[in-house]
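Structure first, then comments.
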Amino acid sequence: MRVIAGALLALLLATAPLRAADLVDAVVGEVEGRVATASDVALARALGLFGFTATNAAITPPDVDRLLDAWLVVAEAQRLGIGGGPDEVEAAWGTVAQRFGGAAALDAWLERVAVEAGRARAMVGDHSRWERFIEVRFREFAFVLPDDVTAALGAGVHSEAEQASARERLQAAETERRLAAWLADRRQRTTVQRVLYEGSTLPDPIPMPPGVAR
């Protein structure tokens, strides 16, 4: 991935450490013309999207890379018309709301952190595209043979539950391998830029509510 040093971020990082309240937002990257900001990363993490874990830890370069990779997948899913249907988005929104203790609690949190519900729903829609694309493009073709399961479990007699768990782990690993290979190829054929120095961090600009599942 090509890395550039943005003037705005360079200025921020050159100053004394910032408190979260001092940082309104900052550009952290760009993929296929879509700009990524610190608040995009923070929102994705807070909502538990694209494989992020909900946290208020400082934003790091790997966090930015994860979001930019997710947006590469989303862009391809949009081109192919995969995922993002109203029913999928509504189901995904309901799952997110459950983590916050219900729709009312989620709405209240969004209002408190000054994030428009439409923006959050749009990101959840992107997540549904991301999830569906990975399912149909990689997971459905991540075949696991019985011999693979036997080798993973080792000698001895194993229950059906143990075999199913091993098969799931192997399928997940193969899915990740196929996705990583696809992303590596896509990064070579498109414009992906991260505006964050290695070893540097940014404060999370969106505070998590207490009690949200992490």
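Note that the coordinates shown come from a computational prediction; the quantities given were computed from them, not determined experimentally.
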Requested in this report: Look at the aromatic rings of Trp182 and Phe133 and report parallel, tilted or perpendicular, splitting at 30° and 60°.
Outcome: tilted
Query raised in the report: About how many Å separate CG of Leu68 and CG of Asp40, when rounded to the nearest 0.5 Å?
Result: 9.5 Å
Side-chain donor-acceptor pairs under 3.5 Å in residues 83-91, sequence neighbours left out?
| from | atom 1 | to | atom 2 | distance (Å) |
| --- | --- | --- | --- | --- |
| Glu88 | OE1 | Gly84 | N | 2.9 |
| Glu88 | OE1 | Gly85 | N | 3.4 |
| Glu90 | OE1 | Arg121 | NH1 | 3.4 |

Report task. Go through the structure and list residues passing side chain to side chain donor-acceptor pair (under 3.5 Å) with Arg139, not counting sequence neighbours. Result -> Glu168, Gln171
Query - Salt bridge flag under 4.0 Å for residues Arg187 and Asp69 - result: yes
Query - Those residues that, when tested against Ala70, pass side chain to side chain contact (heavy atoms under 4.5 Å, CB included) (two or more places apart) - result: Phe50, Trp130
Requested in this report: Output all residues satisfying side chain to side chain donor-acceptor pair (under 3.5 Å) with Thr175, sequence neighbours left out; order by chain, then residue number.
Outcome: none
Query raised in the report: Between Thr37 and Ser39, does any side-chain donor sit less than 3.5 Å from a side-chain acceptor?
Result: yes
Report task. Could you tell me which residues satisfy side chain to side chain contact (heavy atoms under 4.5 Å, CB included) with Phe141, sequence neighbours excluded, listed by chain and number? Result -> Phe143, Arg178
Query raised in the report: Do the side-chain N and O atoms of Thr95 and Arg99 include a donor-acceptor pair separated by under 3.5 angstrom?
Result: no
Query raised in the report: What's the verdict on side chain to side chain contact (heavy atoms under 4.5 Å, CB included) for Leu106 and Trp93, showing C-alpha distance, side-chain angles and the deciding distance?
Result: CA-CA 10 Å; Leu106 174 56; Trp93 186 256; 3.5 Å; yes
Report task. Report the residues that fulfil salt bridge (Lys or Arg N to Asp or Glu O under 4.0 Å) with Glu140, sequence neighbours left out, ordered by chain and then residue number. Result -> none
Report task. Test side chain to side chain contact (heavy atoms under 4.5 Å, CB included) on His127 and Met123 and set out the steps. Result -> CA-CA 6 Å; His127 172 80; Met123 186 170 283; 6.0 Å; no
Requested in this report: Go through the steps to decide whether Leu47 and Phe100 satisfy the test side chain to side chain contact (heavy atoms under 4.5 Å, CB included), and finish with yes or no.
Outcome: CA-CA 9 Å; Leu47 299 179; Phe100 282 74; 4.0 Å; yes
Requested in this report: Verify side chain to side chain contact (heavy atoms under 4.5 Å, CB included) between Ile82 and Arg129, making sure each step is shown before the conclusion.
Outcome: CA-CA 6 Å; Ile82 295 174; Arg129 294 183 182 91; over 6 Å; no
Report task. Determine the minimum heavy-atom distance between Leu110 and Ala117, stating which atoms define it. Result -> CD1-CA, 4.1 Å
Requested in this report: Please name all residues satisfying salt bridge (Lys or Arg N to Asp or Glu O under 4.0 Å) with Arg177, sequence neighbours left out, ordered by chain then number.
Outcome: Glu174
Query - Where Val35 and Trp71 come nearest, the two heavy atoms and their spacing - result: O-CZ3, 3.6 Å
Report task. Under the salt bridge (Lys or Arg N to Asp or Glu O under 4.0 Å) rule, collect the residues that match up with Arg189, sequence neighbours excluded. Result -> Asp185
Requested in this report: Identify the two heavy atoms, one from Ala38 and one from Leu202, that lie closest to each other, and give their separation to 0.1 Å.
Outcome: CB-CD1, 4.4 Å
Report task. Mind checking side chain to side chain donor-acceptor pair (under 3.5 Å) for Thr60 and listing every partner two or more places apart, or none if nothing turns up? Result -> Asp63
Identify all side-chain donor-acceptor contacts of residues 72-79 below 3.5 Å with residues at least two apart in sequence or on another chain.
| from | atom 1 | to | atom 2 | distance (Å) |
| --- | --- | --- | --- | --- |
| Glu76 | OE1 | Arg79 | NE | 3.1 |
| Glu76 | OE1 | Arg79 | NH2 | 2.9 |
| Arg79 | NH1 | Glu32 | OE1 | 3.4 |

Query raised in the report: Quick one: does Glu116's side chain have a donor or acceptor within less than 3.5 Å of a partner on Arg119's backbone?
Result: no
Report task. Report the residues that fulfil side chain to side chain donor-acceptor pair (under 3.5 Å) with Arg34, sequence neighbours left out, ordered by chain and then residue number. Result -> Asp126
Query raised in the report: About how many Å separate CG of Leu43 and CG of Leu49, when rounded to the nearest 0.5 Å?
Result: 7.0 Å
Query raised in the report: Of the non-hydrogen atoms in Pro61 and Gly199, which two are nearest, and what is the gap between them?
Result: CG-N, 4.3 Å
**Report entry** Interatomic distance, Ile206 atom CD1 to Asn56 atom CG [nearest 0.5 angstrom]
**Finding:** 9.0 Å
Query - Gly125 backbone acceptor or donor facing Ser128 side chain under 3.5 Å - result: yes
Query raised in the report: Taking atom OG1 of Thr201 and atom CD1 of Ile59, what is their separation to the nearest 0.5 Å?
Result: 9.0 Å
Query raised in the report: Quick one: does Arg45's side chain have a donor or acceptor within less than 3.5 Å of a partner on Ala57's backbone?
Result: yes
